[in-house]
Amino acid sequence: MIFAISHNTNHGLIFYFIAALVVALSLWRINRVHNPVALICEKKLLVAVPWSFINSDYHISFRAFYMSVEYNEVAGVSHNWSQLYIGARITGGLVALPVQLSYVSLGDKADFQNWVERKQEEVMENT
């Protein structure tokens, strides 16, 4: 940024534009840190997913799209918490839903897992 301010040639405007773009993108990424990746509700689980279900699209989307998932549909998570498996645990019955749970703290991951398991037990008891 200092180089852009002190550069006095005809290309100075390009440097100003690039510096402003870097600052804007940095502020946008900082703002994205505060968006929830999962909302644990009483009846359903809401998870933030990319709008086209491709992992890379989550980082370029301007707002999160939340998908509701029944607790009894949750079959598990991947080893790195980047995918949530929903559906029946049979051949061809699972769907891998890309989620951003890998950025959640270990304590919150344990709370998430305990809550889902407790809700699944409640659903089993009520049926």
Side-chain angles (χ1 to χ4, degrees):
M1 187 111 168
I2 293 172
F3 178 72
I5 293 171
S6 65
H7 198 268
N8 272 339
T9 65
N10 293 335
H11 301 297
L13 289 178
I14 294 172
F15 292 118
Y16 282 123
F17 177 74
I18 292 172
L21 184 64
V22 168
V23 168
L25 287 175
S26 298
L27 291 174
W28 173 65
R29 292 296 295 160
I30 290 169
N31 182 45
R32 292 281 298 182
V33 169
H34 301 290
N35 291 344
V37 293
L39 300 171
I40 299 174
C41 303
E42 189 66 30
K43 301 284 183 187
K44 293 184 180 184
L45 174 68
L46 297 173
V47 290
V49 294
W51 62 273
S52 68
F53 296 102
I54 299 174
N55 285 330
S56 62
D57 286 343
Y58 184 84
H59 298 291
I60 62 171
S61 63
F62 290 103
R63 65 183 188 92
F65 171 70
Y66 290 95
M67 180 176 176
S68 65
V69 178
E70 297 278 342
Y71 286 109
N72 59 349
E73 292 178 343
V74 177
V77 294
S78 63
H79 69 283
N80 59 358
W81 289 77
S82 65
Q83 294 182 335
L84 181 69
Y85 299 119
I86 57 175
R89 294 182 185 180
I90 58 173
T91 304
L94 286 180
V95 174
L97 182 67
V99 293
Q100 299 296 318
L101 295 172
S102 60
Y103 301 113
V104 176
S105 69
L106 289 175
D108 289 339
K109 286 178 185 176
D111 291 343
F112 175 83
Q113 193 170 12
N114 292 335
W115 180 266
V116 170
E117 288 173 359
R118 187 173 59 220
K119 285 298 184 179
Q120 286 176 341
E121 289 172 1
E122 287 177 11
V123 169
M124 291 299 228
E125 289 174 359
N126 292 336
T127 56

Asker: Locate the shortest heavy-atom distance separating L97 from M67; write the atom from each residue and the value.
Answerer: CD1-SD, 3.8 Å
Asker: Could you pull out the closest heavy-atom pair between F112 and A38, with the gap in Å?
Answerer: CE1-CB, 4.3 Å
Asker: State the CG-CD distance between L94 and E73, to the nearest 0.5 angstrom.
Answerer: 11.5 Å
Asker: Which atom names give the shortest non-hydrogen contact between G87 and A75, and what distance separates them?
Answerer: O-CB, 3.9 Å
Asker: Considering only NZ, NE, NH1 and NH2 on the basic side and carboxylate oxygens on the acidic side, decide whether E122 and K119 come within less than 4.0 Å.
Answerer: yes
Asker: Between the main-chain N or O of V77 and the side-chain N or O of Q113, is there a donor-acceptor pair closer than 3.5 Å?
Answerer: no
Asker: So, taking the atom named CD1 in I40 and the one named CG in L45, what distance separates them when rounded to the nearest 0.5 Å?
Answerer: 6.5 Å
Asker: With sequence neighbours left out, write down each residue that passes side chain to side chain donor-acceptor pair (under 3.5 Å) with S78, or none if nothing qualifies.
Answerer: N80
Asker: Is it true that V69 and V123 fall in one hydrophobic cluster, defined by side-chain heavy atoms closer than 4.5 Å?
Answerer: no
Asker: For a quick test of reading the model, state the closest non-hydrogen atom pair linking V99 to L84 and the distance between them.
Answerer: CG2-N, 3.9 Å
Asker: Taking all non-hydrogen atoms of both residues into account, name the closest pair between E70 and K43 and its distance.
Answerer: OE1-O, 4.2 Å
Asker: Of the non-hydrogen atoms in S102 and K109, which two are nearest, and what is the gap between them?
Answerer: O-NZ, 3.6 Å
